[in-house]
Protein chains: 2
Amino acid sequence: MARNEFEPDWIHTPPAEGSFRSIFKWGAPDRFKHPNRRLYRLVKETFSLTDDDFQKQSIPLGNEVVEEVPAMKIPLSAVEEIQAAVGEKNVETGPYARVKYASGKTVEEASQLRKRHAEKVADAAVHPRDAMDVEAVLAICNARHIPIHAYSGGSSVTLGHQTPKGGVTLVMSTHMNRVLEINETDQTVTVEPGIFGPDLEQTLNDAPSLFQAENRYTCGHFPQSFEYSTAGGWVVTLGSGQASTYYGDAKDLVISQEYITPAGRIRTHDFPASAAGPDLDSVFLGSEGAFGILVKLKLKIFRYMPENRKYFSFVFPSFDQAVNACREISQAEAGVPSVLRISDAEETDVALKLYGIENTLIDRFMKARGFRPGERCLCIGHTEGEKTHARNVQRSMKKIAKQQGGMYITGYPTRKWEHGRFEDPYMREDLADFGICIDTLETSVKWSNLQQVYREVREYIKSRPQTVCMTHSSHFYPQGTNLYFIFIARFETDAEYTAFQRGVIETIDR
Amino acid sequence: MARNEFEPDWIHTPPAEGSFRSIFKWGAPDRFKHPNRRLYRLVKETFSLTDDDFQKQSIPLGNEVVEEVPAMKIPLSAVEEIQAAVGEKNVETGPYARVKYASGKTVEEASQLRKRHAEKVADAAVHPRDAMDVEAVLAICNARHIPIHAYSGGSSVTLGHQTPKGGVTLVMSTHMNRVLEINETDQTVTVEPGIFGPDLEQTLNDAPSLFQAENRYTCGHFPQSFEYSTAGGWVVTLGSGQASTYYGDAKDLVISQEYITPAGRIRTHDFPASAAGPDLDSVFLGSEGAFGILVKLKLKIFRYMPENRKYFSFVFPSFDQAVNACREISQAEAGVPSVLRISDAEETDVALKLYGIENTLIDRFMKARGFRPGERCLCIGHTEGEKTHARNVQRSMKKIAKQQGGMYITGYPTRKWEHGRFEDPYMREDLADFGICIDTLETSVKWSNLQQVYREVREYIKSRPQTVCMTHSSHFYPQGTNLYFIFIARFETDAEYTAFQRGVIETIDR
């Protein structure tokens, strides 16, 4: 790696206040993670580009301030009525708020915002202070037939924040972000839906000093969007965190919910189990605001014992063998790790670049033992829980991995992954500034159809020239896992991107 | 125990064929479990009875053949149409079938049947051969507005089999009881709903010889009614088996379901997880036939490794301490046992009698160490899973039990419990023949309200003179457990029983 090697001048200044870029940029305005030199070289190679192509950003940056938006669809009298209910300063009708709170984090939305396009915008963004405010706004909107949407962390990648018929968007994270109760006896926490992941986690970690609790706790839910998603969002959109294999998916964490609907309040029971017919919790889980607005949430919490964590990484000769090992780990009833992740050969090669492992001692050791680039597959993770349990699970995993042809390569790769695990999305804007799109699609698979889905989707993606396709599995169940496809490509038009993405979905669905 | 001590002449002959008794008697016609001498003595003591009171059964035995039943509410043409669809021999309209398939196993139903009362009876019992038969019957009944009910194992204790408006009862267990597929890769089994617990379990245990499977499997679900309940019944009524702490409740075992409704067939997805909105599986779970008739079921299966099981029993100085130990076991993240059960002081005293432990070496040892009858509480169970895991969980449990004042008393009490665990319900008829009622009520509790519910329900039950109240917890979750109340009492009338039972439910609900 030459010291004077060219490096693009990645944007490293926060987006202008009130700008389109400030809406679509991932994460904190002043935080960045730029592609490292190895990744930059891979991109140049893949797309036959040279340093010349990276002299200056070639795509609209969206630094213009949001000014023009479609006319409001709701009458001024409605806005005034809402203002009277929730306080004037909690109702925003300026162009910036109307665009911001109707935007999620999809590639499509970012691309449109770069071009200063914003059509399906909200009429007003309302920041409720409490459940009573939500109740008041719902009553007004219901009487006036005004659509209601909810916005919290804003990390949706399903176009879920768009408001095709205008209306009011309730911003749940501004005020309704409090921890209401920690119940150490039941190991539950009651929160308002707008609390961000890190705030919840920090509060639980610090329970002894904050609440005189006997133990430290963790929420157990760490999606890729952890830092910019909220507990309410986890539950109404469902989802799966990076430690789901151990702690469960978002739906498994819910003890009870409270929703406000135009027809009244719905509180579900908070018993640990029930056999009294279909339960309402399940119906509301993943309802994405369709049945009401979530205003309170009781979640399971878990003992926070990072001192017991046991890290491991393995390399396997092939994806097949990595999959077989993880299947055995998921079915062997020897306890499960919290983080468990296997990358296919293409992702492994990139991961070793990203984590800075390429050409290190570990890399040379792997090569010497016959684990070849382009074939070898990385497995990373760690165990959790009470000390002897965490240790015993790690031991069992080593045994299983070995049986499936895997080789233990220390906990180092896992630690490298862990260190930057919430920061990778920051690279999206850097690449997009030069017309390079990175996007992801995920599906659930049974063990018995994993290989078919993997092969067909990969074939589809790779049939497109100059397209990177990296795949990993990171949520494990006794009956199957997920396949998470990451593609990197250049698209001439938004339509070309959409058609390609549609093709991936149809291939999964086949 | 005197050799020539009087023992009642418990009924030990199968009920007359076609009799009322053959409908309400628990389990197989020719299987019995009579109260042992210690229990008999306890009953005499509790109710101030003498051997004289047990010279001859004092309550109607229901040995009369079922002959008279209310007139059929559906027209003969409907019966003929159904006969044409499913075959004549699969449609029963005789009085016996009409009563039998409209009866469950509640105390009320048994009491009525003893008196030859049967009012809410079915018009016809239909034994479908397959899903197509179900479809045909539903179409006919839908067109003619005839109510449909389902019957499978017949162990309902919620009056769920009664047919207040008559109609057709589909008997799912007669033909639709097949194992359709074992998928070893995904660790799933696909069955028809009418398969009985032991048939399913035996098939899974024998998978290597029956299906050339690599491993032996278990269904993981062992409710008290295991021998006379079916997989379909477990799922549509929900429920919790004796190993639920490890394997999960019935709802946790379901991968996918197929229902026939008058509006068409509904098949749910069989992915291991989904984030695509509210899932249909949850809505149908516990729906008790209200939304359609279950015709196919894919369930999780688990490796069957009884050789790894580690048995344990503990005695605690008080129920409080037993509860605290189980809470810690459920929350410590050291792995969980499969069977875990704590009895309160009253149940402990009876259990030690029933298991034949009273006055043995173990009993003397407990007493010597200060664990006194009337205070001490028994905890039994075993661990499961891969060898080192099962061993490590047992070790952790011993440690936790000790911290909470518990003493390890070998695995013997657990083995005694395990031996007769499905047979206790047989004693109900013996006692009822002498006017002594044994019944149960169960509720889910949070750790934080367990003691209150326990105290209040116990107070309510014990406020009635001469009433035994035994309580245990046997399903453990990090957030709580169950309280299972068993009461033994004499009631003068059915109305007195019903009012008392209603009082227990209202006390739980308070």
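Order of the sequence lines fixes the chain letters, A, B, ..., with proteins taken first and strands second; residue numbering starts at 1 for each chain. Just so it is clear, the values below take in all heavy atoms, side chains as well, and ignore hydrogens, waters and symmetry mates.
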_Check whether Q479(B) reaches the backbone of F271(A) with its side chain - one donor and one acceptor, N or O, closer than 3.5 Å._
no
Note to self: Using a 3.5 Å distance criterion without hydrogens, assess whether the side chain of E333(A) forms a donor-acceptor pair with backbone atoms of Y304(B).
What the structure shows: no
Bottom line for V283(B): the part with an atom under 4.5 Å from chain A's heavy atoms is both
Cut-off 4.5 Å, heavy atoms of chain B, and the answer for S274(A) is backbone
Honestly, the part of T237(B) sitting under 4.5 Å from a heavy atom of chain A is backbone
* Asked: With a cut-off of 6.0 Å (strictly less than), are more than 12 heavy atoms of other residues, nucleotides or ligands near NZ of K298(B)?
  -> yes
Requested in this report: May I ask you to decide if A273(B)'s main-chain N or O and S444(A)'s side chain share a donor-acceptor pair within less than 3.5 Å?
Outcome: yes
- Message: Looking at E214(A), I want to see if its CD is surrounded by more than 12 non-hydrogen atoms of other residues, nucleotides or ligands under 6.0 Å.
- Response: no
Note: vs chain A, highest number of non-hydrogen pairs under 4.5 angstrom among M305(B), H475(B), E384(B) is M305(B)
Scanning both residues in full, the closest heavy-atom pair of G239(B) with A275(A) reads N-CB, 4.2 Å
| message | Whether E184(B) and R327(A) form a salt bridge (side-chain N of Lys/Arg under 4.0 Å from carboxylate O of Asp/Glu) is what I want to check. | response | no
Separation between OH (Y477(A)) and NZ (K300(B)), nearest 0.5 Å, reads 10.5 Å
Minimal heavy-atom distance between D186(A) and W447(B), with the atoms involved, is OD1-N, 3.1 Å
All heavy atoms of D270(B) vs all of K446(A), minimum pair found to be OD2-NZ, 2.8 Å
Heavy-atom nearest pair, P272(B) first then T481(A), reads CG-N, 3.9 Å
Honestly, the part of F284(B) sitting under 4.5 Å from a heavy atom of chain A is neither
**Prompt:** Are the side chain of Q331(B) and the backbone N or O of T185(A) linked by a donor-acceptor pair below 3.5 Å?
**Reply:** yes
NZ (K251(A)) and CG (D279(B)) are apart, to the nearest 0.5 Å, by 7.0 Å
Under 4.5 Å to a heavy atom of chain A? For I255(B) that would be side chain
What do the steps show when you test R395(B) against T388(A) for side-chain contact (heavy atoms from CB on, under 4.5 Å), and what is the final call?
CA-CA 10 Å; R395(B) 247 186 235 146; T388(A) 66; over 6 Å; no
Fill in: Salt-bridge present (R303(A), E328(B); N to O < 4.0 Å)
yes
Evaluate the criterion side-chain contact (heavy atoms from CB on, under 4.5 Å) for residue pair S396(A) and H389(B); output intermediate values, then yes/no.
-> CA-CA 9 Å; S396(A) 298; H389(B) 176 79; over 6 Å; no
